[in-house]
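For reference, the structure is listed below as structure tokens.
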Amino acid sequence: MGDIVVEQLLELSYALDTFYFLMSGMLVMWMAAGFTMLESGLVRSKNTVEILTKNVGLYSIACIMYLLVGYNIMYGESSSPFFPGISFLVSGDNTVADVLSGGKDAPYYSNIADFFFQVVFVATAMSIISGAVAERMKLWSFFMFAVILTGVIYPIEGYWTWGGGFLDALGYSDYAGSGIVHLAGASAALAAVLLLGPRKGKYGPGGQINPIPGANLPLATLGTFILWMGWFGFNGGSELKVSDIESANAVAMVFANTNMAAAAGVVAGLITAQLLFGKADLTMGLNGALAGLVAITAGPDTPSMLLASIIGAVGGVLVVFSIVTLDKLHIDDPVGAISVHGVVGVWGLLAVLLSNEDATLIGQLAGIVCIFAFVFIASLMVWLILKKTVGIRVDEEMEYQGMDLVECGLEAYPEFTGAAVGK
Amino acid sequence: MGDIVVEQLLELSYALDTFYFLMSGMLVMWMAAGFTMLESGLVRSKNTVEILTKNVGLYSIACIMYLLVGYNIMYGESSSPFFPGISFLVSGDNTVADVLSGGKDAPYYSNIADFFFQVVFVATAMSIISGAVAERMKLWSFFMFAVILTGVIYPIEGYWTWGGGFLDALGYSDYAGSGIVHLAGASAALAAVLLLGPRKGKYGPGGQINPIPGANLPLATLGTFILWMGWFGFNGGSELKVSDIESANAVAMVFANTNMAAAAGVVAGLITAQLLFGKADLTMGLNGALAGLVAITAGPDTPSMLLASIIGAVGGVLVVFSIVTLDKLHIDDPVGAISVHGVVGVWGLLAVLLSNEDATLIGQLAGIVCIFAFVFIASLMVWLILKKTVGIRVDEEMEYQGMDLVECGLEAYPEFTGAAVGK
Amino acid sequence: MGDIVVEQLLELSYALDTFYFLMSGMLVMWMAAGFTMLESGLVRSKNTVEILTKNVGLYSIACIMYLLVGYNIMYGESSSPFFPGISFLVSGDNTVADVLSGGKDAPYYSNIADFFFQVVFVATAMSIISGAVAERMKLWSFFMFAVILTGVIYPIEGYWTWGGGFLDALGYSDYAGSGIVHLAGASAALAAVLLLGPRKGKYGPGGQINPIPGANLPLATLGTFILWMGWFGFNGGSELKVSDIESANAVAMVFANTNMAAAAGVVAGLITAQLLFGKADLTMGLNGALAGLVAITAGPDTPSMLLASIIGAVGGVLVVFSIVTLDKLHIDDPVGAISVHGVVGVWGLLAVLLSNEDATLIGQLAGIVCIFAFVFIASLMVWLILKKTVGIRVDEEMEYQGMDLVECGLEAYPEFTGAAVGK
Amino acid sequence: MKWISAIIKPFKLDDVRTALTAVGVQGLTVTEVKGFGRQKGHMEVYRGAEYVVDFRPKLKVEAAIPDELLEKTMQAIQKAAHTGKIGDGKIFVFELGQCVRIRTVEAGHDAL
Amino acid sequence: MKWISAIIKPFKLDDVRTALTAVGVQGLTVTEVKGFGRQKGHMEVYRGAEYVVDFRPKLKVEAAIPDELLEKTMQAIQKAAHTGKIGDGKIFVFELGQCVRIRTVEAGHDAL
Amino acid sequence: MKWISAIIKPFKLDDVRTALTAVGVQGLTVTEVKGFGRQKGHMEVYRGAEYVVDFRPKLKVEAAIPDELLEKTMQAIQKAAHTGKIGDGKIFVFELGQCVRIRTVEAGHDAL
Ligand SMILES: Nc1ncnc2c1ncn2[C@@H]1O[C@H](COP(=O)(O)OP(=O)(O)O)[C@@H](O)[C@H]1O
Ligand SMILES: Nc1ncnc2c1ncn2[C@@H]1O[C@H](COP(=O)(O)OP(=O)(O)O)[C@@H](O)[C@H]1O
Ligand SMILES: Nc1ncnc2c1ncn2[C@@H]1O[C@H](COP(=O)(O)OP(=O)(O)O)[C@@H](O)[C@H]1O
């Protein structure tokens with residue numbers, strides 16, 4: 001009888017961990033809606049349908065590419081710590097016998113649940129980019145890039161750490177991907193923005209900065225809340241196990257720290273904006289929340305809640321300065337994606353050193369440099385090829401008219417908008 | 001001591017399965033918000049409050065009717081495979097002793113959790129209808145129909161399969177309800193639309209088709225994402241068990257396949273629109289997502305992820321052609337509900353044959369024909385009675401003025417809309 | 001071997017309960033988005049950014065204050081049943097040894113998960129207030145009040161029941177906080193509204209009531225659905241355990257009753273509005289849903305689903321009359337928060353007596369009176385101090401211009417709104 | 001030259017435009033306006049409080065025309081915008097001093 | 001007949017309408033406009049960049065009136081729209097050539 | 001006094017305003033309008049059905065000016081609003097009977 005009991009315990013524990021993965025993955029999938037709402041709130045109404053289309057489309061492309069080839073590149077067999085192997089499609093699930101074999105290496109949760117959880121991460125990385133290139137990039141060129149990033153570029157750099165490649169060996173510590181996901185997305189976004197140039201009218205002839213207010217701030221706020229919620233799956237699921245006391249405690253810590261970092265990011269962002277600009281700029285509060293979340297993502301398991309709050313708050317301050325600075329450099333990022341995910345992603349990776357004794361400065365710097373350099377350069381090359389062939393930017397007249405009519409033939413709010421005066 | 005351990009294993013497993021049911025039900029409930037946002041984004045602003053009211057109201061009516069009588073019709077005792085029995089209200093939960101008795105027939109999760117999961121399904125079926133009849137149907141007539149459909153019509157046809165009636169015996173295979181829920185909703189919607197006629201101005205005197213653009217596409221997109229998320233509960237919960245390895249693997253497969261089918265539906269829908277119309281019509285991408293979801297719902301457990309993607313993609317192509325065709329037939333369905341849930345629902349039921357060896361063509365066809373015929377005819381009769389008595393359509397002047405002021409006394413966006421010019 | 005099995009059972013059960021807490025907390029956190037959307041849909045567009053900022057900010061402040069001091073006040077050591085103790089920050093998590101010690105008092109779920117679940121409750125209480133004071137209260141004064149309420153006032157009255165204080169001893173029964181959370185929030189809101197006065201233009205010179213329609217009803221509806229969904233965590237998590245048959249059954253009952261009460265509240269609210277005003281006023285349907293939810297919150301575990309529906313329906317009727325009455329008394333509450341959470345909260349507390357044999361009228365009345373009196377008076381004092389020092393209301397010209405430009409420097413919908421005519 | 005400014009019911013726009021094109025009017029400019037007149041506003045209820053919305057949505061259709069088209073144009077609008085129910089609107093006629101086409105600097109009749 | 005076109009501050013609409021009704025003006029048409037003038041725009045900050053919104057929301061209130069009402073009408077608007085602060089707006093008066101009521105084909109004074 | 005009413009392409013607003021300020025026009029009023037003219041509308045597709053949006057967004061810029069500024073003002077608008085492509089718009093000139101500043105009760109030229 002003892003054996004049956006042990007087996008049933010394994011079954012239950014396997015079921016609980018699998019369920020936990022699926023719930024986490026579901027929450028990360030929900031982040032796609034968050035990015036979509038955030039970005040569609042921060043662009044002008046004439047470019048809203050296009051940003052919606054890009055977001056729905058990129059999530060879908062990410063799923064397909066990662067199934068076809070990405071997952072295997074990232075987690076498949078390889079003999080080199082730099083170059084992952086390649087194979088196609090995802091194989092079946094664990095057999096009951098394998099699970100019950102019970103050794104150290106026996107699988108303890110569903111393989112397919114793992115795929116599901118991983119696939120939504122890819123989409124997150126790609127979502128970061130769509131905001132930064134909003135209001136001027138051609139739709140289908142963007143989709144082509146999405147194919148490459150989610151099918152090849154992300155899986156390769158993901159392999160280096162999570163697939164057991166050289167960054168893992170170097171001790172690079174990145175719990176849920178401040179670097180692997182967020183900095184990577186921001187690096188690709190930066191490459192795109194540099195090639196694309198700013199939106200027409202964003203910077204005046206004398207170099208002055210013309211704000212281009214987003215059309216729908218309640219949507220942007222909703223998007224932030226969705227991301228916040230989804231992040232519980234993003235970070236919480238990255239513990240990869242919940243079925244024993246220590247894992248459960250760790251997951252709880254991750255949830256609480258994720259929440260505290262975001263909260264502190266909001267407060268810091270709002271106060272910074274109030275002090276700098278004399279106004280409680282909501283968009284800075286929202287970016288502060290996201291900055292707090294990105295900052296804690298590299299290590300939400302080790303800090304105390306107080307330290308997590310501080311890490312988030314620093315992120316919230318940083319993001320405001322970063323946004324203002326990038327604007328002065330005429331790097332036009334309509335939603336602040338490069339600041340939130342890139343600049344603050346780096347901060348998050350360094351902040352791991354504050355509480356995680358296993359992390360080293362060398363390891364973290366190696367990760368930052370390698371991920372940034374590889375993703376930036378690889379993306380730049382892909383963007384360049386696209387630019388020379390199909391083109392990446394719509395022409396000026398189309399940009400003035402708005403992407404929605406040109407690319408999608410639709411208006412987002414056909415009954416509401418006239419020609420906005422004095423904006 | 002052995003006994004206590006076995007009992008505790010049963011307790012834990014019961015708890016896990018119950019919790020899994022509740023989380024799934026919560027996600028399906030959330031689909032009500034998805035339908036609401038989708039539909040309110042695809043109608044004109046003057047009919048928005050009314051569609052919101054219909055959606056909130058129908059979900060509530062569904063819950064009440066299913067509690068009062070529907071659940072018992074569907075899952076109660078009956079001696080006939082065609083006619084379910086009738087009884088009222090839902091009895092209490094399983095006793096601890098029953099659960100611990102441990103035999104094959106011992107309940108393994110909460111009865112009330114089952115009710116909760118089932119009740120949200122009914123609401124889904126009814127939600128499908130509200131979109132198709134939008135912008136012209138009387139509010140309270142719609143609610144009266146909701147009482148009948150959720151209290152009687154749906155439970156009867158649901159009984160035929162899930163309650164152990166004749167379709168179950170015929171081998172009709174419909175995992176989470178492509179037919180029982182989606183095709184059923186679409187059949188009732190078709191009956192309504194045929195009796196109602198198109199919205200005024202939708203088809204010109206020469207038969208030309210006048211588009212009536214939806215007022216708020218970000219909401220429609222949000223609604224689609226909500227539905228996508230909620231579908232993880234809809235399909236994922238329909239495995240009905242998660243607490244052992246095989247069930248957990250099956251649930252994981254269902255999550256992953258559901259996601260892949262939706263993603264492929266988006267890509268297929270967008271590409272089809274681009275090829276047919278020369279524009280990446282966002283609304284077709286959204287309908288593609290839903291088509292993918294509906295298509296996979298009849299059998300998300302058996303196909304590989306690749307096959308699931310193909311099933312979804314075919315759904316995404318089909319839905320575009322179906323929408324265009326229905327429009328040419330002057331069947332006016334503002335949100336494409338009949339195409340998404342009806343036409344693609346049928347495809348989903350047939351697609352089961354591709355991977356499920358237990359399914360037969362005969363069984364699937366029997367299900368399709370019986371469900372469609374019964375729900376369509378029963379609904380047609382109810383709609384007819386409503387039409388002859390209280391009326392189902394507002395008069396022309398009210399339709400012009402908008403349902404919102406007439407039925408609800410409110411405007412959805414009182415500060416934004418003037419009299420839209422040239423729309 | 002027996003010991004290991006017992007320990008593993010404890011581990012699994014601990015993991016499941018912790019996971020259940022975290023999922024519940026995640027859902028309650030999501031309610032913050034619900035309040036935000038609800039409120040931003042019910043104010044005018046010129047005050048929308050400010051209400052968004054208030055909601056994002058108050059949630060964040062609540063998290064920080066509750067971490068710093070609130071949680072310890074509410075659940076810390078104290079020798080007095082009236083005055084809680086005070087200490088700072090939240091200590092670490094349970095050790096494996098403590099959990100496995102297995103006695104009656106051994107912790108059965110993560111301490112940090114408990115904090116996470118509790119902290120989102122505080123935010124809910126504070127969210128109630130922002131709606132009632134909308135469109136006229138200064139942003140930073142509001143935030144200062146949030147610091148006090150979430151750090152001190154709420155924890156003190158929470159201690160009286162959930163922390164084991166005198167109300168608990170008196171037998172006051174309040175399952176998930178109809179009183180402790182909702183009535184408390186409404187009491188603080190009432191104090192604020194009395195000091196603030198109505199919005200300019202809300203009541204005419206002859207005392208007539210001028211409606212001030214909300215700018216975006218789809219958002220308000222979305223907010224209601226989000227709250228409905230989140231409430232499954234709010235009530236469902238308050239069972240505090242899911243890992244055995246009885247607890248699982250109880251949680252299932254709570255989910256189902258929560259859903260039924262909300263559904264019945266919608267139907268009751270809509271019918272009442274139709275009968276009273278001749279229109280199916282959507283906003284009354286939405287308030288009906290929330291009223292149903294608040295009403296059942298004090299005791300969702302004991303009634304049958306039918307009784308739960310009745311309790312919700314009474315809430316839905318009550319809220320309509322309460323809103324109309326408060327308006328006649330010139331108590332200007334733009335979103336109906338005082339009615340929904342206060343008046344109906346009291347009803348919910350009394351309704352406990354219908355099914356819970358352990359509850360007493362005395363106990364319930366004691367709870368109502370003590371919570372209302374304490375929170376109302378304490379809040380009044382804080383608001384008064386704020387009024388005398390920094391001021392709580394913007395000046396008339398700013399109010400006319402809108403809070404958004406004045407406080408946040410942004411417009412919510414910069415492209416859509418002109419100067420609304422005839423509103 | 002004359003300047004015609006007609007206040008009409010919004011759903012008559014297409015009819016009016018077609019009628020104007022038919023008589024030879026080459027261009028027109030439309031503005032969304034709110035009108036107050038004999039036609040009374042409707043009652044709305046918001047959360048239990050009733051109120052009258054006095055202003056009704058209308059469109060203002062404006063066209064510059066040569067003098068000789070005046071008669072025909074007015075009749076065209078009159079017929080196309082007519083429902084016979086209260087609130088149909090008005091046609092106002094003004095003297096137009098000058099007209100220039102920005103693209104070509106043509107002036108007067110040629111610019112219409 | 002005269003055509004009055006007044007640019008006013010939006011929150012004065014109700015007062016102006018009441019005043020006009022009082023002197024016997026039967027109908028009017030209101031348009032949302034943006035005004036640029038002596039009254040300066042306000043500064044907004046969006047994500048750290050400051051900008052001036054030069055245009056201020058105003059309403060244009062237009063009414064066709066018989067000549068004899070001109071004096072009274074202008075005074076009524078003047079009084080009702082006056083706050084004394086910069087940006088109060090202007091009243092413009094034009095000669096109105098003709099006026100027709102679409103519903104009845106009445107013309108001239110009867111159509112006002 | 002003259003009343004200038006110019007229909008322009010929306011993105012030319014800033015240029016036109018600057019040009020008008022330069023020649024000494026002190027105030028102006030802008031309205032969002034939809035224009036129908038030689039410039040044809042664009043095709044949209046919504047869910048498979050094609051349709052033409054005939055009306056194009058335009059801005060109407062209005063200014064009251066003293067007679068002596070007429071020439072300069074018209075040239076200023078002409079130049080600033082010109083792109084040379086179809087749809088550039090028109091300038092219409094009316095006789096303005098009277099003008100009063102609500103704030104000060106100044107009338108005529110002083111009120112412009
Ligand atoms: N004297 C007026 N001056 C300006 N506009 C007017 C005048 N009279 C009516 N209007 C406009 O014409 C519209 C219709 O007028 P109304 O009196 O309601 O009906 P009818 O045109 O049938 O007489 C009004 O809504 C208003 O926009
Ligand atoms: N010359 C003008 N032509 C047309 N509209 C004008 C003119 N001058 C002012 N306006 C309108 O009147 C409004 C108020 O004018 P402004 O100069 O700001 O203040 P004031 O009316 O106190 O002199 C402006 O916003 C503009 O809409
Ligand atoms: N006769 C007219 N009366 C009133 N507005 C006109 C007239 N003709 C043109 N317009 C306005 O001018 C705009 C531009 O005119 P259009 O004929 O398209 O091009 P262009 O100005 O190059 O001749 C139109 O959209 C319309 O708003």
Side-chain angles (χ1 to χ4, degrees), chain D residues 1-10 12-13 15-16 19 29-41 51-62 64-65 67 70-71 73-97, chain E residues 1-8 10-35 57-67 73 76-77 80 92-112:
Chain D
M1 292 174 294
K2 291 284 184 291
W3 180 259
I4 308 271
S5 174
I7 311 290
I8 63 169
K9 289 190 169 162
K12 282 294 192 181
L13 176 64
D15 296 345
V16 169
T29 299
V30 181
T31 315
E32 296 175 5
V33 299
K34 304 270 173 164
F36 174 81
R38 281 166 186 78
Q39 183 188 14
K40 284 303 152 238
Y51 63 116
V52 183
V53 176
D54 280 323
F55 289 90
R56 320 244 2 166
K58 301 278 172 192
L59 292 181
K60 185 203 271 184
V61 179
E62 293 172 307
I65 53 167
D67 293 322
L70 180 60
E71 199 67 357
T73 307
M74 290 192 62
Q75 272 163 15
I77 299 177
Q78 173 75 46
K79 245 183 88 183
H82 187 263
T83 70
K85 294 213 203 112
I86 199 158
D88 270 358
K90 315 246 154 115
I91 311 174
F92 301 108
V93 184
F94 299 83
E95 202 58 43
L96 175 59
Chain E
M1 292 174 295
K2 291 286 183 289
W3 179 261
I4 308 271
S5 172
I7 311 290
I8 63 168
F11 72 104
K12 281 296 192 179
L13 177 65
D14 268 345
D15 295 345
V16 170
R17 193 206 39 195
T18 315
L20 286 176
T21 319
V23 298
V25 176
Q26 304 252 7
L28 42 91
T29 298
V30 180
T31 315
E32 296 176 5
V33 298
K34 304 269 172 164
K58 302 278 170 192
L59 293 180
K60 184 203 271 184
V61 179
E62 293 172 307
I65 53 167
D67 294 323
T73 306
I77 298 177
F92 302 107
V93 184
F94 299 83
E95 202 57 42
L96 176 60
Q98 181 56 288
C99 170
V100 179
R101 187 191 306 277
I102 293 174
R103 173 164 49 96
T104 58
V105 211
E106 287 161 288
H109 278 208
D110 300 337
L112 294 180

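Basis for what follows: all heavy atoms, side chains included, without hydrogens, waters or symmetry-related copies. None of these values were measured; they are calculated from a predicted model. Below, chains carry the letters A, B, ... as their sequence lines are ordered, and counting in each starts from 1.
Annotation: residues 104-112 of chain E contacts chain D through E:Val105, E:Ala111, E:Leu112 [non-hydrogen atoms, separation under 4.5 Å].
The choice from D:Lys85, D:Arg56, D:Met74 that makes the most heavy-atom pairs within less than 4.5 Å of chain E is D:Lys85.
Within the model, atoms NZ of D:Lys90 and CZ of E:Arg103 stand 8.0 Å from one another, a figure rounded to the nearest 0.5 Å. Remark: D:Lys60 NZ to E:Lys60 NZ distance equals 4.5 Å, nearest 0.5 Å. With rounding to the nearest 0.5 Å, the separation of CZ in D:Phe94 from CZ in E:Phe94 is 7.5 Å.
Contact annotation for D:Lys2: neither backbone nor side-chain heavy atoms come within less than 4.5 Å of a heavy atom of chain E. With a threshold of 4.5 angstrom between heavy atoms, D:Ile86 approaches chain E through its backbone and through its side chain. In this structure, the portion of E:Glu95 lying under 4.5 Å from any heavy atom of chain D is its backbone and not its side chain.
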Audit row: D:Asp54, E:Arg17, side chain to side chain contact (heavy atoms under 4.5 Å, CB included) steps and yes/no: CA-CA 10 Å; D:Asp54 280 323; E:Arg17 193 206 39 195; 2.5 Å; yes

Test log, rule side chain to side chain contact (heavy atoms under 4.5 Å, CB included), inputs E:Thr21 and D:Phe36: CA-CA 10 Å; E:Thr21 319; D:Phe36 174 81; 4.1 Å; yes

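Looking at E:Thr29 and D:Lys58, their side chains never come closer than 4.5 Å, going by heavy atoms from C-beta outward.
Here the rule is side chain to side chain contact (heavy atoms under 4.5 Å, CB included) with E:Ile102, and of D:Ile7, D:Asp88, D:Thr83 only D:Asp88 fits it.
Minimum interatomic distance between E:Thr31 and D:Glu32 (heavy atoms only, all atoms of both residues): CG2-O, 4.0 Å.
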